[in-house]
Amino acid sequence: MGSKYSKTTTSVTDTSCLAPFESFQVPFVYLQEATNNFDDKLLIGSSGFGKVYRGVLRDGTKVALKRLKPESKQGLEDFRTEIEILSQFHHPHLISLIGYSDERNEMILIYEYMENGNLSSHLYGSDLHLPTMSFEQRLEICIGAAMGLHYLHTGGVIHGDVKSTNILLDEKFVAKITDFGLCKKRPELDQTHVSTAVKGSFGYLDPEYFM
């Protein structure tokens, strides 16, 4: 579902290719308010793309904001891919995209907030003192993640970076897949060029694919 915030200011980032997704655009100032100007106290994680903050929008919606860091090697292509995939594919086991901001040379993705963080934090420990998961919860998480991936594959989409940090858990420990920047769509029948560039996280890549 698209955002109710849109077309309030002009972007200074060269993101004209995002025009079809303007209904998801959220004013940058709203995100500053939601995170107390990106206060480090609200920092909940980081990735190759950038830092992740928790926040609350004006309407009370809890969100997670992923903000591109200037030195990141990921950029407009991954940003657009994430928006494109999550605006078209919706499933109980995929994270929901609330919107994005591309103002002031910023690239920020806005997602639903997941109360129980990522699966990796529960499996390997963290400083958040997260609750212990039962065997039944772990099994449900595996099944949920598999259902999300099956839905993507059925729609001709390969995630490209499946790992425990990219499986998030809501307040009921329902698994939702996130981080779609490296997704690839199945080539069309008349497509003459197919990229063979290897993308993903080392340690999670299929050896044959990598070679």
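Taking hydrophobic clusters as Ile, Leu, Val, Met, Phe, Trp and Tyr residues chained together by side-chain heavy-atom distances below 4.5 Å, Phe28 shares a cluster with Tyr30. Hydrophobic clustering (side-chain heavy atoms under 4.5 Å, transitive across Ile, Leu, Val, Met, Phe, Trp, Tyr) groups Val63 together with Val29.
Separation of atoms CE (Met147) and CD (Glu140) is listed at 9.5 Å; rounding is to 0.5 Å. Here OH of Tyr124 is found 9.5 Å from OG1 of Thr165. Values are rounded to the nearest 0.5 Å. The distance from atom NZ of Lys66 to atom CG of Leu109, rounded to the nearest 0.5 Å, is 6.0 Å. Distance check, rounded to the nearest 0.5 Å: CZ of Arg80 to CG of Asp102 gives 12.5 Å. With values rounded to the nearest 0.5 angstrom, Leu182 atom CG is found 11.5 Å from Ile85 atom CD1. The OG atom of Ser164 sits 11.0 Å away from atom NE2 of His122, with the distance rounded to the nearest 0.5 Å.
Of all heavy-atom pairs spanning Pro92 and Val174, the tightest one is O-CG1, 4.2 Å. In terms of heavy-atom proximity, Val26 sits nearest to Leu31 at CG1-CD2, 3.9 Å. Between Ile141 and Ile167 the shortest heavy-atom distance is CG2-CG2, 4.3 Å. Taking both residues in full, the closest heavy atoms of Ala64 and Val52 are given as CB-CG1, 4.3 Å, listed atom of the first, atom of the second, then distance.
If you look at Tyr100 and Phe24, their ring centroids are not closer than 6.0 Å.
Here the side chains of Ile177 and Ile95 are not in contact, with every heavy-atom distance at 4.5 Å or above. Between Met133 and Leu169 there is a side-chain heavy-atom pair separated by less than 4.5 Å. Using a 4.5 Å cut-off on side-chain heavy atoms (C-beta onward), Thr61 and Val56 make no contact. Counting heavy atoms from C-beta outward, Glu103 and Ile108 have side chains that stay 4.5 Å or more apart. For the pair Tyr111 and Ile98, the minimum side-chain heavy-atom distance is 4.5 Å or more. Using a 4.5 Å cut-off on side-chain heavy atoms (C-beta onward), Tyr151 and Thr154 make no contact. Phe180 has its side chain out of reach of Val157: every pair of non-hydrogen atoms, C-beta onward, lies at least 4.5 Å apart. Contact of the Leu94 side chain with the Lys176 side chain is not registered, since no non-hydrogen atoms from C-beta on lie closer than 4.5 Å.
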Report task. Evaluate side chain to side chain contact (heavy atoms under 4.5 Å, CB included) for Gln88 paired with Lys185, printing each intermediate quantity in order. Result -> CA-CA 12 Å; Gln88 296 177 26; Lys185 287 189 175 182; 3.1 Å; yes
**Report entry** Check against side chain to side chain contact (heavy atoms under 4.5 Å, CB included), Leu65 and Thr35
**Finding:** CA-CA 9 Å; Leu65 285 74; Thr35 60; 4.0 Å; yes
Query raised in the report: Please walk me through it: do His159 and Lys184 pass side chain to side chain contact (heavy atoms under 4.5 Å, CB included)?
Result: CA-CA 7 Å; His159 184 280; Lys184 291 182 180 180; over 6 Å; no
Report task. Evaluate the criterion side chain to side chain contact (heavy atoms under 4.5 Å, CB included) for residue pair Arg104 and Gln32; output intermediate values, then yes/no. Result -> CA-CA 12 Å; Arg104 307 187 191 182; Gln32 285 182 304; 3.6 Å; yes
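Salt bridge annotation for Lys62-Glu112: absent, with no cationic side-chain nitrogen under 4.0 angstrom from a carboxylate oxygen. Salt bridge absent: Asp179 and Lys163 never bring a charged side-chain N and a carboxylate O closer than 4.0 Å.
Residue pairs meeting the salt bridge (charged side-chain N to carboxylate O under 4.0 Å, His left out) criterion with at least one member in residues 27-44, sequence neighbours excluded: Glu33-Arg58.
Using a 30° and 60° split on the angle between ring planes, Phe49 and Phe79 fall in the parallel class, below 30°.
There is a side-chain donor-acceptor pair under 3.5 Å between Ser121 and Asn118. No hydrogens or angles considered: nothing links the side chains of Glu171 and Tyr113 as a donor-acceptor pair under 3.5 Å. Defined by atom type and a distance below 3.5 Å, a donor-acceptor pair is missing between the side-chain atoms of Lys172 and Gln137.
At most 12 heavy atoms of other shown residues, nucleotides or ligands fall within 6.0 angstrom of atom NE2 in His150.
Although no hydrogens or angles enter the test, the distance criterion places a donor-acceptor pair under 3.5 Å between the side chain of Asn116 and the main chain of Asp170.
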